[in-house]
Student: 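Once you've had a glance at the structure underneath, I'll fire off some questions.
Chain A is the first sequence line, chain B the second, and so forth, proteins listed ahead of strands; every chain is numbered from 1. The model shown is predicted, which means the values in this text are computed figures rather than measured ones.
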2 protein chains.
Amino acid sequence: MYGRHQWRRRFRANACRWTAPRESILDLLGRTRGHLSAKDIYLSLQPTFPGLGLATVYRTLELLHRLGIVQKVTSSDGQGRYQLRSVDQQDHHHHLICSRCGLIVDYRDFVREELELVKKTEDALAKKYNFVIQDHSIEFLGLCEKCR
Amino acid sequence: MYGRHQWRRRFRANACRWTAPRESILDLLGRTRGHLSAKDIYLSLQPTFPGLGLATVYRTLELLHRLGIVQKVTSSDGQGRYQLRSVDQQDHHHHLICSRCGLIVDYRDFVREELELVKKTEDALAKKYNFVIQDHSIEFLGLCEKCR
DNA sequence: GCTATTAATGATAACCATTATCATTATCAA
DNA sequence: TTGATAATGATAATGGTTATCATTAATAGC
Ligand SMILES: [Mn+2]
Ligand SMILES: [Mn+2]
Ligand SMILES: [Zn+2]
Ligand SMILES: [Zn+2]
């Protein structure tokens, strides 16, 4: 992944300051596989960073999302969950979500085919509807093993 | 679309009663093109159905969603928005969403190709991850004409 | 290294969509 | 017609997110 220096440079380039809360949140996201809510992050960092405020977690996540560093998924319970976007394209993935318990599974099967179609669709839609397309979301909803 | 009799039969089949609030909400959804929030519906029906409660709107929308009659989109502001699912398959569509103003555009271009891939992916994912897949969501996020 | 500027923070209150509660009403099978 | 109970409406409660504001800390310029 990225190191402190690279993050710092990236923040600098966007006129954003490199601060302790931002570093610790990025660090946590970097060593977590799943999708974390603001509260997850707040609670996880409590022991090592007792002073951290929940509002700062929200602000940081919104910033990271705006910079495209983090991917946001609105989980079925309406809660936002965040995951660091991998640097390499190969890691691009889509989601399989359990509508009962909210489990989010990252899948990478067929993503290549999906992305080909996405690219084609994106171009056509941008032209037809006069949109600047920034991102896409492909999700399958269902019941996981435990919930069915 | 459906008529009262058919809705009534469908409700009956699911052990649900056919009531005035449900009829009026279905009626409104039936003659609306866009994606309505609970409050939109509540306010729209206020003149012709002053007694209607907001909680009932939520309950009805959840029921309609559970029965697959209505499609739910979680808009960028975190608010749920609902649209009647068309009876004929031909009308199946996906969404183009403005991340600034929340505009939702239904698009039907490429949906056939998308659905072919969706079907293939669905089968493989169901097997691999042991999911029962109920639905899918394909969205493109960007900036609309006005917001860019 | 200082210092001034001002972005960022943390505590807290406010917001607001959604859900829970509960007494009352209306549906519908028998 | 009637009894069982699903559904409703008013309202309170919930809970995630955002706004406010005084304080702190990061950065650029000297
Ligand atoms: Mn993911
Ligand atoms: Mn739609
Ligand atoms: Zn589950
Ligand atoms: Zn817009």
Student: Could you note down all residue pairs passing side-chain hydrogen bond (donor to acceptor under 3.5 Å, both in side chains) where residues 42-57 of chain B supplies at least one of them, sequence neighbours left out?
Tutor: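 Listed by first then second residue: B:Thr56-B:Arg59.
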
Student: Using a 4.0 Å cut-off on heavy atoms, which residues in residues 62-75 of chain A reach DNA chain C? List them by number, or say none.
Tutor: none

Student: Please list each protein N or O that sits under 3.5 Å from an N or O in nucleotides 27-30 of chain D, with the distance.
Tutor:
residue : atom : partner : partner atom : Å
D:dT27  : OP1  : A:Trp18 : N            : 2.9
D:dT27  : OP2  : A:Arg8  : NH2          : 3.2

Student: How bent is the helix from C:dG1-D:dC30 to C:dA30-D:dT1, comparing axes over its five end pairs at each side, to the nearest 10°?
Tutor: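 The two end axes of the helix from C:dG1-D:dC30 to C:dA30-D:dT1 meet at 50°.
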
Student: With a strict under 4.0 Å distance from non-hydrogen atoms of chain B, what nucleotide opens and what nucleotide closes the contacted stretch of DNA chain C, reading 5' to 3'?
Tutor: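 Contact boundaries, 5' end first: C:dA17 to C:dA29.
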
Student: For A:Arg9, which residues count as a side chain to side chain contact (heavy atoms under 4.5 Å, CB included) partner, sequence neighbours excluded?
Tutor: A:Gln6

Student: For B:Gln79, which residues count as a side chain to side chain contact (heavy atoms under 4.5 Å, CB included) partner, sequence neighbours excluded?
Tutor: B:Ser37, B:Asp77, B:Arg81

Student: Are B:Asp91 and B:Arg108 ion-paired here, with the side-chain N under 4.0 Å from a carboxylate O?
Tutor: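 Answer for the salt bridge query: yes.
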
Student: Does some side-chain heavy atom of B:Tyr107 sit less than 4.5 Å from a side-chain heavy atom of B:Ile138?
Tutor: yes

Student: Kindly say whether B:Glu23 contributes a backbone atom to a donor-acceptor pair with the side chain of B:Arg4 at under 3.5 angstrom?
Tutor: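 Not confirmed, B:Arg4 side chain does not pair with B:Glu23 backbone.
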
Student: Could you tell me which residues satisfy side chain to side chain contact (heavy atoms under 4.5 Å, CB included) with B:Glu62, sequence neighbours excluded, listed by chain and number?
Tutor: B:Arg66

Student: B:Lys146 and B:Cys98: side chain to side chain contact (heavy atoms under 4.5 Å, CB included), yes or no, with the steps?
Tutor: CA-CA 10 Å; B:Lys146 290 176 190 159; B:Cys98 177; over 6 Å; no

Student: Going by heavy atoms closer than 4.0 Å, what residues in residues 42-61 of chain A are next to DNA chain C?
Tutor: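 Under 4.0 Å from DNA chain C: A:Phe49, A:Gly51, A:Leu52, A:Gly53, A:Ala55, A:Thr56, A:Arg59.
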
Student: If every non-hydrogen atom of B:Ala38 is compared with every non-hydrogen atom of B:Leu54, which pair is closest and at what distance?
Tutor: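 Closest heavy-atom pair between B:Ala38 and B:Leu54: O-CD1, 4.1 Å.
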
Student: Quick one: does A:Ile69's side chain get under 4.5 Å of A:Leu29's, heavy atoms only?
Tutor: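 The answer is no; the side chains never approach within 4.5 Å.
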
Student: State whether the side chain of A:Ser75 and the backbone N or O of A:Gly80 hold a donor-acceptor pair below 3.5 Å, judged by distance alone.
Tutor: no

Student: Atom NZ of A:Lys39 and atom P of D:dG15: how far apart are they, to the nearest Å?
Tutor: 7 Å

Student: Where does the angle between the aromatic ring planes of A:His136 and A:His92 fall among parallel (under 30°), tilted (30 to 60°) and perpendicular (over 60°)?
Tutor: tilted

Student: State whether the side chain of A:Arg148 and the backbone N or O of B:Asn130 hold a donor-acceptor pair below 3.5 Å, judged by distance alone.
Tutor: yes

Student: Is the side chain of B:Gln83 donor-acceptor paired with the backbone N or O of B:Arg33 at a distance under 3.5 Å, no angle test?
Tutor: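 Yes, the answer is positive, given that a donor and an acceptor are paired below the 3.5 Å cut-off.
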
Student: List for me each residue that meets side chain to side chain contact (heavy atoms under 4.5 Å, CB included) alongside A:Tyr82, sequence neighbours excluded, and say none if there are none.
Tutor: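 With sequence neighbours excluded, A:Tyr82 shows a side chain to side chain contact (heavy atoms under 4.5 Å, CB included) to A:Leu61, A:Val70, A:Lys72, given in chain and number order.
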
Student: Are the charged groups of A:Asp109 and B:Lys127 less than 4.0 angstrom apart, N to O?
Tutor: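 No.
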
Student: On DNA chain D, does the nearest nucleotide to A:Tyr82 precede the nearest nucleotide to A:Ala20 from the 5' side, or the other way round? Give the residue.
Tutor: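 The 5'-side residue here is A:Tyr82.
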
Student: When Ile, Leu, Val, Met, Phe, Trp and Tyr are grouped by side-chain heavy atoms lying under 4.5 Å apart, directly or through other members, which residues fall in the same group as A:Ile97?
Tutor: A:Val73, A:Ile104, A:Leu141

Student: Looking at DNA chain D, which of residues 21-29 of chain B put a heavy atom within less than 4.0 Å of it?
Tutor: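 Hits under 4.0 Å, by residue number: B:Pro21, B:Arg22.
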
